[in-house]
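Accompanying notes for the structure given below.
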Amino acid sequence: MLMPKKLKHRKVNRGKRAGVASRGFEISFGQYGLKSLGRGWLTAREIEAARRAMTRYIKRGGAVWIRIFPDKPVTQKAAEVGMGGGKGTMDHFVAVVRPGNILFEMAGVPEDIAREALRLASHKLRVETKFVKKD
């Protein structure tokens with residue numbers, strides 16, 4: 001699973017999710033991509049599940065690039081703990097996704113296979129996505 005090697009801060013604020021992608025909105029490496037239409041947090045588990053779905057469908061042919069990285073730590077308090085007592089311990093990592101971000105890219109496979117592989121991957125993600133091609 002993806003996670004940073006080390007962190008500057010162990011616990012960070014939740015932050016704002018407003019606006020659209022200011023970078024990472026064009027296909028850079030492959031021919032086909034999966035672009036987000038919604039906003040939210042994608043966990044490292046979701047990203048890994050989508051990657052597995054894609055690579056399994058293309059049967060080790062072609063190349064896949066993951067364009068997002070879960071570098072934001074999310075905290076979680078233990079079950080049945082009362083209010084107060086400070087912030088919870090670090091639980092998992094998420095990637096902040098805004099409309100327009102390219103999530104995955106693919107090359108070296110025909111368009112129909114790439115479209116189906118990215119469709120299978122999109123079912124693993126909690127944001128709405130669309131298939132895009134490089135011009």
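Positions are given from 1, in the same order as the sequence printed here.
- Side-chain atoms of L125 and F104, non-hydrogen and from C-beta on, do get closer than 4.5 Å to each other.
- By the salt bridge (charged side-chain N to carboxylate O under 4.0 Å, His left out) test, R39 pairs with no residue at all, sequence neighbours left out.
- In this structure, the separation between CD1 on I66 and CE on M54 is 6.5 Å, given to the nearest 0.5 Å.
- No donor-acceptor distance shorter than 3.5 angstrom exists from the side chain of E105 to the backbone of R67, with no hydrogens or angles considered.
- Counting heavy-atom neighbours within 6.0 Å of N13 CG, excluding the residue itself, gives a total of 12 or less.
- In terms of heavy-atom proximity, L7 sits nearest to P4 at CD2-CG, 3.7 Å.
- With sequence neighbours excluded, the residues forming a salt bridge (charged side-chain N to carboxylate O under 4.0 Å, His left out) with K133 are E111, listed by chain and number.
- Atom NZ of K77 is surrounded by more than 12 heavy atoms from other residues, nucleotides or ligands within 6.0 Å.
- In this structure the side chain of V97 never reaches within 4.5 angstrom of the side chain of W41, judged on heavy atoms.
- Between M106 and V64 the shortest side-chain heavy-atom distance falls below 4.5 Å.
- The closest side-chain heavy-atom distance from T43 to V94 is below 4.5 Å.
- Two different hydrophobic clusters hold L37 and V20 under the rule that ILVMFWY side chains link at heavy-atom gaps under 4.5 Å.
- In the hydrophobic clustering of ILVMFWY residues, with side-chain heavy atoms under 4.5 Å counting as a link, W65 and I27 come out apart.
- Minimum interatomic distance between V109 and Q31 (heavy atoms only, all atoms of both residues): O-OE1, 4.2 Å.
- Under the side chain to side chain contact (heavy atoms under 4.5 Å, CB included) test applied with K35, the options L118, N101, I102 reduce to a single match, I102.
- Heavy-atom minimum distance, Y32 versus P110: OH-C, 4.2 Å.
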Original post:
Could you go step by step and tell me if E48 and R45 meet the salt bridge (Lys or Arg N to Asp or Glu O under 4.0 Å) rule?
Top reply: CA-CA 5 Å; E48 177 65 13; R45 286 173 183 265; over 6 Å; no
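- Counting all heavy atoms, side chain and backbone alike, T129 lies closest to S122 at OG1-CB, 3.2 Å.
- Residues L2 and F93 are not in side-chain contact: their nearest non-hydrogen atoms beyond the backbone lie 4.5 Å or more apart.
- Cluster membership for I47 and F25, using ILVMFWY side-chain heavy atoms within less than 4.5 angstrom, is not shared.
- V132 and L34 make their closest contact through CG2-N, 4.4 Å (heavy atoms, listed as atom of the first residue, atom of the second, distance).
- Considering only heavy atoms from C-beta on, D91 stays 4.5 Å or farther from V74 through its side chain.
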Subject >> Stepwise side chain to side chain contact (heavy atoms under 4.5 Å, CB included) test for S22 and R98 >> reply: CA-CA 9 Å; S22 58; R98 293 188 171 91; over 6 Å; no
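- V127 approaches G40 most closely through the heavy-atom pair CG1-N, 4.1 Å.
- Between R119 and E116 there is a salt bridge, with a side-chain nitrogen of the basic residue lying less than 4.0 Å from a carboxylate oxygen of the acidic one.
- Between V12 and P73 there is a side-chain heavy-atom pair separated by less than 4.5 Å.
- Side-chain contact check for P70 versus H92: every heavy-atom pair is 4.5 Å or farther apart.
- Here the OG atom belonging to S36 is positioned 13.5 Å from the CZ atom belonging to R126, to the nearest 0.5 angstrom.
- Dense packing is recorded around NE2 of H123, with more than 12 heavy atoms of other residues, nucleotides or ligands lying under 6.0 Å away.
- Environment of NZ in K124: sparse, with no more than 12 heavy atoms of neighbouring residues, nucleotides or ligands closer than 6.0 Å.
- Heavy atoms from other residues, nucleotides or ligands lying under 6.0 Å from CZ of R17 number more than 12.
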